[in-house]
Amino acid sequence: MSLLAALPPSEAYQVAGSGALPSAFAVSELATASFAAVGHELGRFMQATSLVSLPPKAMVDHRLASLWFGYSFKPEGWDMPSLWDPIAGDYRGADGWIRLHTNLPHHRKAALKVLATEGDRAAVTQAIKSWSVSNLETDIVAQGGVAAAMRSRAEWLDHPQGRAVTRDPLIGWHGPRRITLRDRPQARADRPLAGLRVLDMTRVLAGPVSTRTLAGFGADVLRIDPPGWDEPGVIPDISLGKRCAYLDLKTPAGLEKLQELLAQADVFVHGYRPGALDALGLTKEVRDTVAPNRVEVTLDAYGWQGPWATRRGFDSLVQMSAGIADAGRVWAGADKPTPLPVQALDHATGYLMAAAVLSALTEAASGHSIMDGRLSLARTAELLASLAKSGTGDPITAAEPGDYASRSEESGWGPGKRLNPALSVGEARMHWPVPASRLGTSDPTWQTT
Ligand SMILES: CC(C)(COP(=O)(O)OP(=O)(O)OC[C@H]1O[C@@H](n2cnc3c(N)ncnc32)[C@H](O)[C@@H]1OP(=O)(O)O)[C@@H](O)C(=O)NCCC(=O)NCCSC(=O)C(=O)O
């Protein structure tokens with residue numbers, strides 16, 4: 001059994017272009033290598049499913065790969081909503097810095113409750129001044145909120161959770177199973193994932209990047225969210241190529257419908273913290289019973305062992321915890337947290353999740369048993385920290401008109417331009433006939449038969 005364990009060696013793929021996102025870390029190198037991981041695994045899958053006789057070499061456009069780690073969509077004649085809630089951000093406490101993540105209403109409520117303020121930014125700044133940042137982090141997390149104190153790399157590597165993360169493999173594979181893949185007569189060398197049904201229960205950026213990637217090679221992706229859920233700052237970017245439906249899994253009818261969809265899915269990708277799916281009635285036993293032939297890949301924020309294994313989290317918080325924002329501060333000569341220029345932990349984890357799905361599909365197509373794959377933002381941070389910067393060429397700062405497709409995309413909000421794809425694998429070039437659409441706008445049904 002050889003399930004994906006690491007980034008592919010550089011001789012396994014071709015790269016065009018040069019440049020680097022300005023950073024203390026090898027962000028552009030990570031971007032190119034994580035696209036390459038998808039391409040490499042897709043090539044192997046194409047061979048395993050007899051779409052090609054030999055795996056074609058992946059071709060990654062280095063500049064575009066870096067740009068896709070930022071925003072892929074540029075609205076024409078309208079503005080994207082802000083990515084951040086007005087209170088989200090970095091604050092100085094009595095003994096250091098802390099970041100609050102308040103984009104989701106229940107996370108905002110938890111933070112404001114601990115700070116005992118109704119809260120505009122000025123009131124929150126004032127309230128945090130007297131707090132020890134690690135006490136504040138503990139109290140907000142205890143209320144079901146999300147926040148992270150800034151730690152140095154050395155502090156993180158000495159922290160019980162930092163130590164636990166370094167014991168996690170890049171992709172943890174668990175629970176060997178044998179599965180039988182469905183025939184997909186639609187699949188072709190230029191659209192290798194056509195007909196592949198991917199059930200997507202991921203949120204914000206990391207998980208949704210993985211399913212956007214699979215859709216880019218033809219997969220039928222159906223995203224499920226709780227009724228009313230929205231992430232306005234990111235959905236136009238990451239709902240590309242997907243259909244999005246609401247289902248209330250706390251009702252018997254919603255749960256039954258979800259199980260029906262899962263039973264028909266080839267792939268299940270989710271970003272529910274350890275235990276969160278179980279609480280909704282979708283335990284591993286239920287998933288194995290309902291959908292024994294699925295491939296399953298998931299992510300969490302802080303890793304799969306250690307005291308923070310079930311902690312809620314986002315890229316910008318993991319950057320604070322894991323010493324990335326502090327190393328950026330030192331590199332930039334700044335007096336405040338300095339994060340990566342893009343949310344690289346999310347994006348790299350997303351592409352690696354897509355590569356993990358393809359790796360498991362290849363094993364299954366080759367008649368081997370598979371396992372469920374687990375990734376985390378914190379483990380991806382360790383991968384980033386281990387990469388050397390090799391960047392030559394001009395800094396990659398912002399996308400230019402030539403980086404975008406010439407034709408506009410009619411998204412669910414209005415027209416816009418999408419970045420040109422960064423990856424091709426033989427005849428297969430990423431593209432998305434389905435434009436970005438709002439959450440909850442499709443029926444919870446599969447498009448492909
Ligand atoms: C994404 C999260 C932070 C979201 O946090 P929360 O909304 O607080 O998560 P929870 O799972 O606890 O869900 C909150 C509640 O919603 C309920 N819930 C969830 N889905 C449903 C549906 N479909 N129907 C009904 N109810 C639902 C769930 O049971 C909980 O109920 P109650 O228990 O009754 O309240 C977390 O899930 C997480 O850390 N996931 C792992 C890492 C990850 O994916 N992070 C986002 C990507 S990082 C990223 O993209 C970025 O940084 O940007």
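Counting from 1, the numbers follow the sequence of the chain as shown. Just so you know, ligand 1 is whichever comes first in the structure, and atom 1 is the first atom listed for that ligand. Because the structure is predicted, anything quoted here is derived from the model rather than measured. No hydrogens, no waters, no symmetry mates; every other heavy atom, side chains included, goes into these values.
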Would you tell me whether [X] and [Y] have side-chain atoms, one donor and one acceptor, within less than 3.5 Å of each other?
X: R374; Y: T298; value: no
X: E296; Y: H270; value: yes
X: S437; Y: S239; value: no

For W84 and H101, I'd like to know if the aromatic rings sit close, meaning centre-to-centre distance below 6.0 Å.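 Here the rings of H101 and W84 have centres that are less than 6.0 Å from each other.
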Ring center gap for W308 and W156 short of 6.0 angstrom: yes
Show the protein residues that qualify under the rule heavy atom under 4.0 Å from an atom of ligand 1, listing them in chain and number order. H106, H107, R203, V204, L205, A206, D225, P226, W229, L247, D248, L249, K250, G271, Y272, R273, A276, L280, L299, D300, A301, R312, G313, F314, D315, Q343, D346, L377
Using a strict cut-off of less than 4.0 Å between a Lys/Arg side-chain nitrogen and an Asp/Glu carboxylate oxygen, indicate whether E260 and K257 qualify as a salt bridge. yes
